[in-house]
J.: 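Before anything else, here's the structure in question.
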Amino acid sequence: MPAAAARVSVPPSPSKPMPAHELRFNETIAAPVTAVFEFLSIHENFAALFGSRCLRIRAGDDPSEPNGLGSIRRIGPGSLSFDEKIVGFERPTRLAYTIVRGGPLKNHLGTIHLKETGRGTELDYLIRFDGKFPGAAALVQRALGLAWRRSARKAFARIEC
């Protein structure tokens, strides 16, 4: 049985404005919320939503949740890779992560909210970020949107009833 949900809140900093770019994905997945959360909490499955691969480089703070709070995953090849740290892990409704190394983004926070409905699970996924240099955020925004449209449905089909 999974451990109780860990709660971490990442409040906005009063000294930093909200990131200028955001990307939102909404999906209905024909599977129970617990199955969707379990699927997304496995780093390799999460990366597959964008047609990518990843490797866990640090286990989470709770030994019973190695991909949970505090876990760090490395996404992408070699010098193009970046690391994401899990900063929110509330089983079975919320996951949040931020980039802690590499990549062209800063002020990044990705948050996934899941809600059980009569049709399965509603996913609301919001990514907020700024670019480290001019044009970077807009380019990443377009690339992530294309990757999601190409790969997410295929990945979710693996768990749908």
J.: For the residue pair Ala35 and Ile159, what are the closest heavy atoms and their distance?
T.: O-CD1, 4.1 Å

J.: Return the minimal non-hydrogen interatomic distance between Gly88 and Arg94, and the atom names on each side.
T.: CA-NH1, 3.5 Å

J.: Does any N or O in the side chain of Glu116 come within less than 3.5 Å of the main-chain N or O of Val33, such that one atom is a donor and the other an acceptor?
T.: yes

J.: Hydrophobic clusters here meaning ILVMFWY residues chained together by side-chain heavy-atom distances under 4.5 Å, can you tell me if Leu126 and Leu23 are in one?
T.: no

J.: Give every residue pair that meets the salt bridge (charged side-chain N to carboxylate O under 4.0 Å, His left out) criterion with at least one member in residues 138-152, sequence neighbours excluded.
T.: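 Qualifying pairs: none.
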
J.: Taking the six-membered ring for Trp, are Phe50 and Trp148 parallel (under 30°), tilted (30 to 60°) or perpendicular (over 60°)?
T.: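 Ring orientation of Phe50 relative to Trp148: tilted.
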
J.: Please check this pair: side chain of Glu160 against backbone of Ala31, looking for a donor-acceptor N/O pair closer than 3.5 Å.
T.: no

J.: Same cluster for Phe37 and Phe25 if Ile/Leu/Val/Met/Phe/Trp/Tyr side chains link at under 4.5 Å?
T.: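 Yes, Phe37 connects to Phe25 through the hydrophobic network.
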
J.: Should the pair Glu122-Lys115 be classified as a salt bridge under the 4.0 Å nitrogen-to-oxygen rule?
T.: no

J.: Please name the pair of heavy atoms, one in Ser81 and one in Gly78, separated by the smallest distance, quoted to 0.1 Å.
T.: OG-O, 2.8 Å

J.: Do side-chain atoms of Ser71 reach the backbone of Arg58 as a donor and acceptor pair under 3.5 angstrom?
T.: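 Yes, Ser71 side chain to Arg58 backbone: donor-acceptor pair under 3.5 Å.
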
J.: Between Thr121 and Pro32, which heavy-atom pair has the shortest distance, and what is it?
T.: OG1-C, 3.2 Å

J.: Hydrophobic cluster membership, with links at side-chain heavy-atom distances under 4.5 Å among I/L/V/M/F/W/Y: are Ile99 and Leu144 in one?
T.: yes

J.: Looking at Glu44 and Arg56, is there a salt bridge between them, counting it only when a charged N and a carboxylate O are closer than 4.0 Å?
T.: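 No, no charged N to carboxylate O under 4.0 Å.
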
J.: Could you go through Phe89 and Tyr97, starting from their C-alpha distance and side-chain angles, then the distance that decides it, and tell me whether this counts as ring-ring contact (aromatic ring centres under 6.0 Å, His included)?
T.: CA-CA 9 Å; Phe89 194 84; Tyr97 64 95; over 10 Å; no

J.: Got a sec, which pairs hit salt bridge (charged side-chain N to carboxylate O under 4.0 Å, His left out) with one end in residues 127-136, sequence neighbours left out?
T.: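 Qualifying pairs, neighbours excluded: Glu22-Arg128.
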
J.: Does Arg101 form a side-chain contact (heavy atoms from CB on, under 4.5 Å) with Arg74? I'd like the steps, not just the answer.
T.: CA-CA 9 Å; Arg101 185 204 62 84; Arg74 179 158 294 155; 3.2 Å; yes

J.: Between Leu40 and Leu114, is the side-chain contact (heavy atoms from CB on, under 4.5 Å) condition met? List the steps.
T.: CA-CA 10 Å; Leu40 293 172; Leu114 302 173; 4.1 Å; yes

J.: Tell me whether Phe82 is reachable from Val140 by hopping between hydrophobic residues (I, L, V, M, F, W, Y) whose side-chain heavy atoms are closer than 4.5 Å.
T.: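 Cluster IDs for Val140 and Phe82 match.
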
J.: Which pair of heavy atoms, one from Ala48 and one from Ser151, lies closest together, and at what distance?
T.: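 Distance-wise, the nearest heavy atoms are O-CB, 3.4 Å.
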
J.: With a 6.0 Å cut-off (strictly less than), is the heavy-atom count around CZ of Arg153, excluding the residue itself, greater than 12?
T.: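 More than 12 heavy atoms, drawn from other residues, nucleotides or ligands, come within 6.0 Å of this atom.
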
J.: To check you understand the geometry: which heavy-atom pair defines the closest contact between Pro104 and Ala136, and what is its length?
T.: O-CB, 3.8 Å

J.: Using modelled atom types and a 3.5 Å cut-off, is there a donor and acceptor pairing between side-chain atoms of His43 and backbone atoms of Arg73?
T.: no

